[in-house]
Each structure stands twice: as structure tokens, then as C-alpha cells.
Amino acid sequence: MSQYETAVARYFEAWNATGGDALAKAVAAAWSEDGSFTDPLSRARGHADVAAVIAGVHEQFPGFEFRRTGGVDGHHDTARFSWELVSPADGSAPVAGFDVITLAEDGRIRSVLGFLDRVPTA
């Protein structure tokens, strides 16, 4: 597994973690201490802020899982991949997008820039 695939696997482990301790551990494993997450709906810096964003998504979409929808493409310290938020109950995926990550020297995520391709209508 490449450094990019490893980082993305940890990223999805964090996004799919539930419960305070499990989520905190997964975020710490995936992001550097000052790592950031930015998408059109939120901006976070540091483990506590990133965990809060993830917890908020779980509150809005209880029981849903983030899944990668394609390969991971990377070069230097940057990678990109696509994903969707899926309901295991019925297979619906109301949210989809792609993210670009930058890795720190230790292989954890330094920054995420997220782009939303599909969102639920109000």
C-alpha cells in the first residue's frame, strides 16, 4: 500500500469512527496535530475541531458510512480521491465529493480541501 493509500485509509477510518474515544483516536492517527479540514460547509484546525466536524456529520446522517468511490491518485506530498456518504440500510448516497490531501512528513494529513459534487436539496 502506498503512503497515499495508507493516509486515505486512515482518513476513512476517522470519518467512519463513532463514539468520542474512538473518534479522537482515529483523528489523531489520521491528522497531524495542527492538521486542517476545509470544505464548502466547514473549516477546522487541530484534532478537536476536526473531530467536532466529523461528529456533526454523524449527527446529521446517523448510521451513514463514508466510502471511497475510486482510486487514490498522488504525487509528492499530495493525493486526491473521491467518496460518497452511503446508507447501509438502503444504499442511498445523498452526498458525494472529492478531497485533496497534503501529507506531513510523518505520513499523517496536514490539510484536506474537500469539494462537494452532490448534496441533498433543502
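Hydrophobic cluster membership is shared by Val8 and Leu85, with clusters built from Ile, Leu, Val, Met, Phe, Trp and Tyr side chains linked at under 4.5 angstrom. Phe37 and Phe61 fall within the same hydrophobic cluster, where Ile, Leu, Val, Met, Phe, Trp and Tyr residues are linked whenever their side-chain heavy atoms come under 4.5 Å apart, directly or through other members. A single hydrophobic cluster is seen to contain both Leu41 and Ile54, as judged by linkage of ILVMFWY side chains at heavy-atom distances under 4.5 Å, directly or through other members. A single hydrophobic cluster is not seen to contain both Phe98 and Ile101; linkage of ILVMFWY side chains at heavy-atom distances under 4.5 Å, directly or through other members, places them apart.
Among all heavy-atom pairs drawn from Ala51 and Leu23, the shortest one is O-CD2, 3.4 Å. Contact record, Tyr4 with His76: OH-O, 2.8 Å, taken as the closest heavy-atom pair. Here the closest non-hydrogen pair linking Ala14 and Ala26 is CA-CB, 3.5 Å. Closest approach of Ser42 and Val53 over heavy atoms only: OG-CG1, 3.7 Å. Scanning all heavy atoms of the two residues, the minimum distance from Asp99 to Phe115 falls at OD1-N, 3.8 Å. When all heavy atoms are compared, the tightest approach of Phe64 to Pro94 is CE2-CD, 3.6 Å.
Shown here are the side chain to side chain donor-acceptor pair (under 3.5 Å) partners of Ser36, two or more places apart in sequence or in another chain: there are none. With sequence neighbours excluded, no residue forms a side chain to side chain donor-acceptor pair (under 3.5 Å) with Thr78. The side chain to side chain donor-acceptor pair (under 3.5 Å) test applied to Gln3 returns no partner, not counting sequence neighbours.
Screening residues 80-94 for salt bridge (Lys or Arg N to Asp or Glu O under 4.0 Å), with sequence neighbours left out, gives Asp73-Arg80, Glu84-Arg118. Among residues at least two apart or in separate chains, salt bridge (Lys or Arg N to Asp or Glu O under 4.0 Å) pairs with a member in residues 54-69 are Glu65-Arg67.
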**Study point:** Test side-chain contact (heavy atoms from CB on, under 4.5 Å) applied to Trp15 and Val57, step by step
**Key:** CA-CA 9 Å; Trp15 275 99; Val57 172; 3.7 Å; yes
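The distance between the ring centers of Phe66 and Phe12 does not fall below 6.0 angstrom. The aromatic ring centroids of Trp83 and Tyr11 lie 6.0 Å or more from each other.
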Counting only pairs under 3.5 Å, give me each side-chain donor-acceptor contact of residues 104-111, with atom names and distances, residues two or more places apart or in other chains.
{"unit_1": "Asp106", "atom_1": "OD1", "unit_2": "Arg108", "atom_2": "N", "d": "2.9"}
{"unit_1": "Asp106", "atom_1": "OD2", "unit_2": "Arg108", "atom_2": "NE", "d": "2.9"}
{"unit_1": "Asp106", "atom_1": "OD2", "unit_2": "Arg108", "atom_2": "NH2", "d": "3.1"}
{"unit_1": "Arg108", "atom_1": "NH1", "unit_2": "Ala28", "atom_2": "O", "d": "2.9"}
{"unit_1": "Arg108", "atom_1": "NH1", "unit_2": "Trp31", "atom_2": "O", "d": "3.1"}
{"unit_1": "Arg110", "atom_1": "NH2", "unit_2": "Asp77", "atom_2": "OD2", "d": "3.3"}
{"unit_1": "Arg110", "atom_1": "NH2", "unit_2": "Leu103", "atom_2": "O", "d": "2.8"}
{"unit_1": "Ser111", "atom_1": "OG", "unit_2": "Thr102", "atom_2": "OG1", "d": "3.4"}

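Between the side chain of Ser87 and the backbone N or O of Ala89 there is at least one donor-acceptor pair closer than 3.5 Å.
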